[in-house]
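Residue numbering restarts at 1 for every chain, and letters A, B, ... go by the order of the sequence lines. Only this structure's heavy atoms are used, side chains among them; waters, hydrogens and symmetry mates stay out. Model, not experiment: these values are computed from the prediction.
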Protein chains: 2
Amino acid sequence: MARNTTRAEPGQRDLSDDQRADPLFVRSIERAMQVLSAFHHADAPLSLSEIAQQAQLDRSAAQRMVHSLRMMGYIRRDPTGRGFVPGIRILDHTLDYLRLDPLVRRATPVLQELRKIVRERVDLSLFDDLRVVYAVRLQSKRQNFYTTLVGHSVPTFCSSGGWAILSKLPDAQVRDILDRSDRQPFTPETITEVPAILQKVTETRDQGYALGISQILTGEIAVGFPVLDATGAPVAAIHVAGSQAEWTPEEFTRNFVPLASEAARAISEY
Amino acid sequence: MARNTTRAEPGQRDLSDDQRADPLFVRSIERAMQVLSAFHHADAPLSLSEIAQQAQLDRSAAQRMVHSLRMMGYIRRDPTGRGFVPGIRILDHTLDYLRLDPLVRRATPVLQELRKIVRERVDLSLFDDLRVVYAVRLQSKRQNFYTTLVGHSVPTFCSSGGWAILSKLPDAQVRDILDRSDRQPFTPETITEVPAILQKVTETRDQGYALGISQILTGEIAVGFPVLDATGAPVAAIHVAGSQAEWTPEEFTRNFVPLASEAARAISEY
DNA sequence: CAAAGTGTATTGCCATGCGATACACTTGCA
DNA sequence: TGCAAGTGTATCGCATGGCAATACACTTTG
């Protein structure tokens, strides 16, 4: 799998109540979603055969699915040339997700306020087991493409937001998450050893925020803060991210930790 | 239907090559997507019965679908209290959409540059028949919740971006779109009469941009520019939007039209 | 000008999803 | 307190509807 892009794998199941894998799927919809998920590993339009392969389906079965998904607007032909790409109706569900998630609703105005003051990138990322998924992204001037995208995700084990979340989980669960993570480094700086990560988590637990330097992107510096639900369990994190070219870690934390920390507390329900 | 929020209805089919409605759906996946689409009309978590009703399904059939969709992470229980909400896996598909759409890729850096200069809200909206769907949103300081959301859509007939797109379509198609549109006003200012809209479109055709004042949101002023594909057909629009409290229409256009117009041309392939 | 790709359409058989039914639990009203 | 009307969940048989096979038109490749 060609993957030079920063992206974590989606979790397989509903975490909230830990149901184990259940063979009682509605199969056809599982297949349909596999077809749509074929694009997760793509970096260009997919042909039918490629979709069939990714979705573990017959070419003809894949074609039927693609046909139906096209009729509904979830897939469309690539405007230029061959193959298929995701369709715009996807974005309708995106909107539903964002509108209906109480966390996103609460967080957005707070983060806007924060962004206005700090003038660096500000994000909300949602805890999803081995990864955290960006749901709100408020850009700064310096950007790359991926730092603007909703839905982008990074591993929990090596992001400042992830550490912030881990710092609020019981040790056993932290261990479990680290054990199940595929701890591939993104940069030479990425911390991949379990003891070192545990060290970082402890540190985070003590000081109330996580500091990540060049963990995902070389030259990026970020502070992460946990967001808690009404029971005190971590459900998300907020980040402030900037460039090492402009900030020393000390300056960065001194400037942003107090404000961002307060924002995180404002969003939390605990 | 309770709808005080600004939202257009999704189009039913693939527009690119105009396939008429085809009964050869894969039915079960149609039903599955109806279940997910039940949230389009919701403004709070939905119970099984509500989902069943929206999706035109038996309560038990709905429960099977919901179960499967939950196992896959496309639906989750509302964290607090009863009911279901969309699940985070939705955002994986959002990412695929945004990553793989060549238009979004090309437009993002250009819009970032534009945003840096104009310091007002800058958007990319994608043409989808009767509506335009926001895919890239770069905020300014003043915001409301909905002006930050990817996937949000507004009607083509009454938005500056929509007019910009219409101005590049043949008259017959413009008429067709206007005829099929449910031309409900959003504000007292909203232009709903076909002749007046055609007038606006002609004006836009002449001057190369569309000026919208309080069309969707009272007090909002926006300029829209068409984005063309390689064949010269309009596929999207870019907007710069600000507040009437800060700008007269003349000042606004004088300041932003030249830059934004150039940006739109840079994104276009024609 | 084959050969190997695209994407599309049709058809029959049997896996599979719907609907009926039952149940455990919570909430609200009498 | 009890019962009615809500939640959400689980199981199972039958008929429906989706998979696989097959065929074809078209484009790009060598």
With salt bridge (charged side-chain N to carboxylate O under 4.0 Å, His left out) as the test, would you mind laying out the steps for A:D92 and B:R131 before giving the verdict? CA-CA 12 Å; A:D92 292 321; B:R131 59 180 191 154; 2.8 Å; yes

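Contact between the side-chain N/O atoms of B:S47 and the OP1/OP2 oxygens of D:dT7 is found at a separation under 4.0 Å. OP1 or OP2 of C:dT6 sits under 4.0 Å from a side-chain N or O of A:S49. For C:dT16, the OP1/OP2 oxygens have no side-chain nitrogen or oxygen of B:R64 closer than 4.0 Å.
Each of B:M65 and A:L48 lies near DNA chain C, and the nucleotide nearest A:L48 is the one positioned closer to the 5' end. Both A:R31 and B:R82 lie close to DNA chain C; mapped to their nearest nucleotides by heavy-atom distance, the more 5′-ward contact belongs to A:R31. Toward the 5' end of DNA chain D, the nearer of the two residues B:L46 and A:L57, judged by each one's closest nucleotide, is B:L46.
With hydrogens and angles ignored, a donor-acceptor pair closer than 3.5 Å exists between the side chain of B:R59 and the base of D:dG8.
In summary, the side chains of B:T94 and A:T94 do present a donor paired with an acceptor at a separation below 3.5 Å, with no hydrogens or angles considered.
Note: CD (A:Q56) to C1' (D:dC19) measures 16 Å, nearest angstrom. Regarding B:Q53, its CD atom lies at a distance of 12 Å from the P atom of D:dG6, rounded to whole Å. When the P atom of D:dG17 is taken as reference, atom CD1 of A:I29 falls 17 Å away, rounded to whole Å. A:Q63 places its CD atom 17 Å from the P atom of D:dT22, with the value rounded to the nearest Å. With rounding to whole Å, A:I75 atom CD1 is found 11 Å from C:dG7 atom P. At whole-Å resolution of the value, CG in A:D58 and P in C:dT10 are 18 Å apart. Remark: P of C:dA4 and CD of A:E50 are 18 Å apart, rounded to the nearest angstrom. Rounded to whole Å, atom P of D:dC12 lies 15 Å from atom NE2 of B:H67.
Taking 4.0 Å as the cut-off between side-chain N and carboxylate O, A:D58 and A:R64 do not count as a salt-bridged pair.
Using cut-offs of 30° and 60° on the angle between ring planes, the pair B:H152 and B:Y134 is parallel.
Taking the six-membered ring wherever Trp is involved, the centroid distance between the rings of B:H93 and B:Y74 falls below 6.0 Å.
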